[in-house]
Amino acid sequence: MTRRLDGTSEIPLSTADAEFRDEVRTWLDEHLISDFTGQAHRGGPDDDDNWELRRAWEAELAAGGWLGMSWPREYGGREATLTQEIVFAMECARAGSPPRAAFHGETLMAPAVLSHGTDEQKQRLLPPMVHAEVVWCQGYSEPGAGSDLANVACRARREGDEWVVSGEKVWTTFAHHADWIFAIVRTEPGSVRHAGLSYLLIPLDQPDVQVRPIRTMLGDSGFNSVYFEDARTSADNLIGAEGSGWTAAMTTLGHERATSVLNYQFSFVREMSQLRELATRRGAVHDEMLRDRLVDSYIGLEIMSHNNMRSLARALVDGEFGPEASIGKYYWSRWHQSFTELAMDVLGPDALLGTSWGDGPDAASEGMRRAFIRARAETIYAGTSEIQKNIISERVLGMPREPKPVT
Ligand SMILES: Cc1cc2nc3c(=O)[nH]c(=O)nc-3n(C[C@H](O)[C@H](O)[C@H](O)COP(=O)(O)OP(=O)(O)OC[C@H]3O[C@@H](n4cnc5c(N)ncnc54)[C@H](O)[C@@H]3O)c2cc1C
């Protein structure tokens, strides 16, 4: 008997969770229709031209009560359990739902607000996210601060009831669509490294903020440079204490590495299933080398799944994602690069022929081609592979810090 590859048999569910899964399935059957179908492969900054559709899907999710699901009810959540969140992510991936538009706010900034924000900030910032009213973007990277994030130079000074911000952020995904940016800025003049940084929320719709698109090799402009020239934000938009922004920044990064794993893993299950079909249809399953690599990919996916479940279970006990989240990020991004390279070999010379999304007889092939190109960036964002290895070596294995290069 062939084992189902749709991922639904992975977790044993209680009666209540099985009912929840059925509720999600029914909702998806009723709402994931017409234009929302056929968009599943389209995620990331290289897929910018389906933005309006992604926003519409976000509104649909909000109306269904599926945003901020695990948050307390007082902030608009439904206090869903981690298992229910997993079930929801799994069902969306299985059904092929469109990629999220506003994940930066809900999955990256909100955890920092929940952990470090005041009650007033939670009341003010979280409900609009649940209703899909505000789009946030992430302002961490700068030309001199990528992997070395503690090198942030963008600064903010206090003037009365406001912070005044000057400097530059780069690679800011969807800044051109966003209403607000959550940024790491230097608030203590003369401070170095992690000290003196703060986590500041800044409205983008003001004349002293300029958002300039960066064009990618796919011809899209999903990410941007953002320039602040004495831009202003209210003093109550500082999350956590002044000068302790590094801690809040790490809360966001921990969630970025850990939660991204879930959504990716389930979409990989779907891609694996599609590639198996594609390989069968094209006869590639009779090529012993390709067949061997397909099996290796499947084994990798199983390892990913078990490791992710283990670290999620651990996070449930510890209440937070530890440095082990880096193992998941390192593993899935490298696995997906190798998997999409295999997909290109299955397609052979046809991999070079692009068709438009969703049309033509072979939309799955086109999806694989886009996934292959997009996978190049996956070992870079949310911390490069080398940085994940540094974290694992120092904070998981307890090895000595690597020597700093002599300058
Ligand atoms: C698709 C995409 C979307 C992004 N979206 C956002 C966003 O919305 N907001 C945001 O703030 N940023 C975003 N980024 C930026 C991303 O976070 C940075 O690209 C990443 O942190 C790496 O920084 P860098 O590009 O400056 O490379 P660098 O840090 O300059 O690294 C260059 C190379 O040197 C290696 N390296 C650096 N330091 C070490 C070390 N100590 N040991 C070993 N090797 C090292 C790196 O691994 C890498 O291979 C995005 C990036 C991509 C690709």
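One-based numbering, in listed order, for ligands and for the atoms of each. Source: prediction; values computed, not measured.
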With a heavy-atom distance limit of 4.0 Å, tell me whether [X] approaches ligand 1 through its side chain, its backbone, both, or neither.
{"X": "Thr384", "answer": "side chain"}
{"X": "Phe223", "answer": "side chain"}
{"X": "Lys169", "answer": "neither"}
{"X": "Asn390", "answer": "side chain"}

Closer than 4.0 angstrom, basic N to acidic O: yes or no for Arg291 and Glu288?
no

Would you call the rings of Trp136 and Trp180 parallel, tilted or perpendicular, taking 30° and 60° as the class edges?
tilted

Tell me whether the rings of Trp332 and Tyr264 are parallel (<30°), tilted (30 to 60°) or perpendicular (>60°).
parallel

Scan side-chain atoms only and decide if Glu378 and Ser333 contain a donor-acceptor pair under the 3.5 Å cut-off.
no

Are Glu386 and Ser147 linked by a side-chain donor-acceptor pair shorter than 3.5 Å?
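There is no such pair between these side chains.
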
I'd like to know if the side chain of Ser338 and the backbone of Arg334 have a donor-acceptor N/O pair within less than 3.5 Å.
no

Checking the side chain of Thr384 only, and the main-chain atoms of Thr379 only, is there a donor and an acceptor separated by less than 3.5 Å?
no

What do you reckon, are the aromatic ring centroids of Phe36 and His31 less than 6.0 Å apart?
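Judged by ring-centre distance (under 6.0 Å), Phe36 and His31 do not meet the cut-off.
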
Near Glu402 (heavy-atom distance under 4.0 Å), the atoms of ligand 1 are 40 (C), 41 (N), 42 (N)

Measuring from atom 8 (O) of ligand 1, which candidate in Thr379, Val226, Thr173 has the nearest non-hydrogen atom?
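Nearest option to atom 8 (O) of ligand 1, by heavy atoms: Thr173.
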
Could you work out, for atom 31 (O) of ligand 1, the closest of Ala175, Pro143, Cys137, Ser147 by heavy-atom distance?
Ser147

Side chain or backbone, does [X] bring an N or O within less than 3.5 Å of an N or O on ligand 1?
{"X": "Tyr140", "value": "yes"}
{"X": "Tyr381", "value": "no"}
{"X": "Thr172", "value": "no"}

Can Arg374 be said to touch ligand 1, with heavy atoms closer than 4.0 Å?
no

